[in-house]
K.L.:
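Following this message is one structure expressed as structure tokens.
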Amino acid sequence: MWLRGVAGAGFIAMVAGLAASVAAGGAAPSAAPADDGAVVVGERRIRRRVLDLTVRSPALESVAHARLLLPRGWSRAASRTWPVLWLLHGARAGRDGHTAWSDHSDIEELTEDAGVLVVMPDGGPCAHYTDWWNRGGGGAPKWETFHLAELRQILERGYRAGPGRAIAGNATGGLGALAYAARHRGLFRAAASFSGPVHTLYRDPSGLDVADLVELGVAIGAPALDWTNVWGDPDEQRVVWRQHNPYDLAGRLAGVRLHVSAGDGAPGPCDPARGAERRRSEGSRDVLEVLARTVNREFAGKLGKLGIPVTTHFYRGTHTWPYWRRELRATLPALLAEIT
């Protein structure tokens, strides 16, 4: 709570920063549009398995991108479909969120023979996986609608995406993965969060809480807007916040194979040796990862009370890509086992 309204520009820049990429790339294919008219307006084949899409989205009132990793034997005209693994990025993904997982992990190599279609969509400049509340008026940006209605329909109608789905994400992408799985029961068979702020109403009066992260994300990604446009004020619009909070929606995750993980914020085996040694000597910890560990323990405890199985991994480490890459490698077999 201590950061809201008082965070310095330097710290904000450290925490998050995305800019949506809008160049169309290649020629538009003839894929069928979504129900609301969302349509692919550009394709670019980056590598043998890597296909980038540019989608004109009524839900966003703009264009957005998605990166696909195509399975072996894939063809637009194939008579079969393939199960789908969705990977969501966090707010520190960089300029092009849809490339984050392929830029920072070995997901291409890991899924070479997996027989799945991997979907890595843009999550927006704030990486908040939701249809913005906008003071009760709704309207753009509607990221949840873009992902789970528009993009999903486009992929199923034109890119041979099947009904078996798993989802995972890092940081705010982890929050999005579990919120999507809970809010859309039956859509995903497995869901994993790596360092995700999965209890959005967790409060720490003397330290960082998740509402601070929402404010910071908007301050960087959409500085002209008010951060309460996302879900409102966490006190005054508490009902809205609860409707998007995995902790409050935990009971809706029964039947989904679940995994959560987070570090303790202390330098660990995946941190650069020089910086890690300095931080150890200073006794400093990564505040984002400390918060992630706290809320993930709260979330896992809630699932336990409800009798809903979840696997967990709490480790020494920071809020950085080397740990999320490691967690994806460890978790991927379980995710794939539910859909292949």
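Keep in mind that what you see is a predicted model, and the values were worked out from it rather than measured.
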K.L.:
Less than 4.5 Å apart, any side-chain heavy atom of R72 and any of R49?
P.N.:
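They are not in contact (no side-chain heavy atoms under 4.5 Å apart), so the answer is no.
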
K.L.:
Assess the side chains of S261 and E327: does a donor N or O sit below 3.5 Å from an acceptor N or O?
P.N.:
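Yes, side-chain donor-acceptor contact under 3.5 Å.
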
K.L.:
With a 4.5 Å heavy-atom cut-off, do Y159 and L68 have their side chains touching?
P.N.:
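In contact.
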
K.L.:
Mind running salt bridge (Lys or Arg N to Asp or Glu O under 4.0 Å) on K142 and E61 for me, showing each step along the way?
P.N.:
CA-CA 9 Å; K142 298 194 286 186; E61 297 181 359; over 6 Å; no

K.L.:
Salt bridge (Lys or Arg N to Asp or Glu O under 4.0 Å) with R242: which residues, sequence neighbours excluded?
P.N.:
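Listed in chain order: D248.
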
K.L.:
If I take atom CZ from residue R238 and atom CD from residue E236, how far apart are they, to the nearest 0.5 angstrom?
P.N.:
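CD of E236 is found 12.5 Å from CZ of R238.
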
K.L.:
Is a donor on one side and an acceptor on the other found under 3.5 Å between the side chain of N296 and the backbone of A262?
P.N.:
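Judged by distance alone, no pair lies under 3.5 Å.
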
K.L.:
Just grab all the side chain to side chain donor-acceptor pair (under 3.5 Å) pairs involving residues 329-340, residues at least two apart or on different chains.
P.N.:
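Qualifying pairs, neighbours excluded: D106-R329, R257-E338.
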
K.L.:
Between D131 and T145, is any side-chain donor less than 3.5 angstrom from a side-chain acceptor?
P.N.:
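D131 vs T145: donor-acceptor pair found between side chains.
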
K.L.:
Is a side-chain donor or acceptor of H259 paired with a backbone partner of A192 at a separation under 3.5 angstrom?
P.N.:
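Between the backbone of A192 and the side chain of H259 there is no qualifying donor-acceptor contact (under 3.5 Å).
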
K.L.:
For R252, which residues count as a salt bridge (Lys or Arg N to Asp or Glu O under 4.0 Å) partner, sequence neighbours excluded?
P.N.:
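By the salt bridge (Lys or Arg N to Asp or Glu O under 4.0 Å) rule, R252 matches no residue at all.
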
K.L.:
Between D52 and T54, is there a side-chain donor-acceptor contact under 3.5 Å, judged purely by atom types and distance?
P.N.:
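No pair is found: no donor N or O on one side chain lies under 3.5 Å from an acceptor on the other.
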
K.L.:
Is there a donor-acceptor pair under 3.5 Å between the side chain of N229 and the backbone N or O of R135?
P.N.:
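Such a contact is absent between N229 side chain and R135 backbone.
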
K.L.:
With heavy-atom distances below 4.5 Å as the criterion, would you say the side chains of L85 and L335 are in contact?
P.N.:
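With C-beta onward as the side chain, the pair touches.
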
K.L.:
For a salt bridge (Lys or Arg N to Asp or Glu O under 4.0 Å) check, start with the C-alpha distance between R285 and E289, then their side-chain angles and the critical distance, and finish with the verdict.
P.N.:
CA-CA 8 Å; R285 290 180 182 260; E289 199 65 7; over 6 Å; no

K.L.:
Between S195 and W324, is there a side-chain donor-acceptor contact under 3.5 Å, judged purely by atom types and distance?
P.N.:
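Yes.
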
K.L.:
State the OG1-CG distance between T312 and L258, to the nearest 0.5 angstrom.
P.N.:
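Interatomic distance, T312 OG1 to L258 CG, rounded to 0.5 Å: 11.5 Å.
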
K.L.:
Among residues at least two apart in sequence or on other chains, which ones pass salt bridge (Lys or Arg N to Asp or Glu O under 4.0 Å) with R183?
P.N.:
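For R183, the residues satisfying salt bridge (Lys or Arg N to Asp or Glu O under 4.0 Å) (neighbours in sequence not counted) are E144.
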
K.L.:
Yes or no on salt bridge (Lys or Arg N to Asp or Glu O under 4.0 Å) for R48 and E112, after CA distance, side-chain angles and deciding distance?
P.N.:
CA-CA 11 Å; R48 176 176 58 87; E112 176 71 35; 2.8 Å; yes

K.L.:
Kindly indicate, with the supporting measurements, whether the criterion side-chain contact (heavy atoms from CB on, under 4.5 Å) is fulfilled by L53 and H65.
P.N.:
CA-CA 5 Å; L53 308 181; H65 293 87; over 6 Å; no

K.L.:
Are W86 and M120 close enough that some pair of their side-chain heavy atoms sits under 4.5 Å apart?
P.N.:
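SC-SC contact between W86 and M120 ruled out.
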
K.L.:
Between W133 and W241, is the ring centroid distance below 6.0 Å?
P.N.:
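W133 vs W241: aromatic centres not under 6.0 Å.
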
K.L.:
State whether the side chain of S105 and the backbone N or O of S102 hold a donor-acceptor pair below 3.5 Å, judged by distance alone.
P.N.:
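No, the answer is negative, given that no donor and acceptor are paired below the 3.5 Å cut-off.
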
K.L.:
Just by modelled atom types, is the W74 backbone N or O under 3.5 Å from a matching donor or acceptor in the R160 side chain?
P.N.:
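Side chain of R160 to backbone of W74, a donor-acceptor pair under 3.5 Å: no, none is there.
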
K.L.:
For the residue pair K302 and A250, what are the closest heavy atoms and their distance?
P.N.:
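Distance-wise, the nearest heavy atoms are CG-CB, 3.8 Å.
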
K.L.:
Hey, can you tell me if H128 and W132 have their rings parallel, tilted or perpendicular (30° and 60° cut-offs)?
P.N.:
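Aromatic pair H128/W132 classed tilted.
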
K.L.:
Taking the side chain as every heavy atom from C-beta outward, state whether L201 and V210 have any pair of such atoms under 4.5 Å apart.
P.N.:
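Side-chain contact under 4.5 Å: no.
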
K.L.:
What verdict does the side-chain contact (heavy atoms from CB on, under 4.5 Å) test give for V290 and D286, after you've listed the backbone C-alpha separation in whole Å, the side-chain angles of each residue and the deciding distance to 0.1 Å?
P.N.:
CA-CA 6 Å; V290 170; D286 184 326; 5.8 Å; no

K.L.:
Sequence neighbours left out, what pairs pass ring-ring contact (aromatic ring centres under 6.0 Å, His included) with at least one residue falling in residues 40-60?
P.N.:
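Not a single pair qualifies under ring-ring contact (aromatic ring centres under 6.0 Å, His included).
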
K.L.:
Measure the spacing between CZ of F299 and CG of L178 and express it to the nearest 0.5 Å.
P.N.:
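These two atoms lie 5.0 Å from each other.
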
K.L.:
Can you tell me if Y129 and H147 form a side-chain donor-acceptor pair at under 3.5 Å?
P.N.:
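There is no such pair between these side chains.
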
K.L.:
Would E43 and R76 count as a salt bridge (Lys or Arg N to Asp or Glu O under 4.0 Å) here? Give the steps.
P.N.:
CA-CA 13 Å; E43 281 188 358; R76 202 187 308 273; 3.1 Å; yes

K.L.:
Got a donor-acceptor contact below 3.5 angstrom from the E150 side chain to the S57 backbone?
P.N.:
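Checking the backbone N and O of S57 against the side chain of E150, no donor-acceptor pair under 3.5 Å is found.
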
K.L.:
Keeping the roles fixed (side chain from D271, backbone from G268), state whether a donor-acceptor pair exists under 3.5 Å.
P.N.:
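Yes, because the side chain of D271 sits within donor-acceptor range (under 3.5 Å) of the backbone of G268.
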
K.L.:
Are R326 and Y315 in a cation-pi contact, defined as NZ or CZ under 6.0 Å from the six-membered ring centre and within 45° of the axis?
P.N.:
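The answer is yes, since R326 meets both limits relative to Y315.
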
K.L.:
Do L187 and R185 make a side-chain contact, defined as non-hydrogen atoms from C-beta onward lying under 4.5 Å apart?
P.N.:
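Counting from C-beta outward, L187 and R185 never come under 4.5 Å.
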
K.L.:
With heavy-atom distances below 4.5 Å as the criterion, would you say the side chains of H98 and P121 are in contact?
P.N.:
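Answer no - side chains too far apart.
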
K.L.:
Can a side-chain donor-acceptor contact be found between N170 and Y323 if the only test is distance below 3.5 angstrom?
P.N.:
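There is no such pair between these side chains.
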
K.L.:
Keeping W101 on the side-chain end and I107 on the backbone end, is there a donor-acceptor pair under 3.5 Å?
P.N.:
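No, W101 side chain to I107 backbone: no donor-acceptor pair under 3.5 Å.
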
K.L.:
Scan for ring-ring contact (aromatic ring centres under 6.0 Å, His included) pairs involving residues 191-226, sequence neighbours excluded, and state none if there are none.
P.N.:
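Sorted result for residues 191-226: H199-Y247.
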
K.L.:
Does the side chain of T130 come under 3.5 Å of the side chain of W231 through a donor N or O and an acceptor N or O?
P.N.:
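Checked: T130/W231 side chains pair up, N/O donor to acceptor below 3.5 Å.
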
K.L.:
Hey, does R45 have a side-chain heavy atom less than 4.5 Å from the side chain of L70?
P.N.:
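Answer yes - side chains close enough.
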
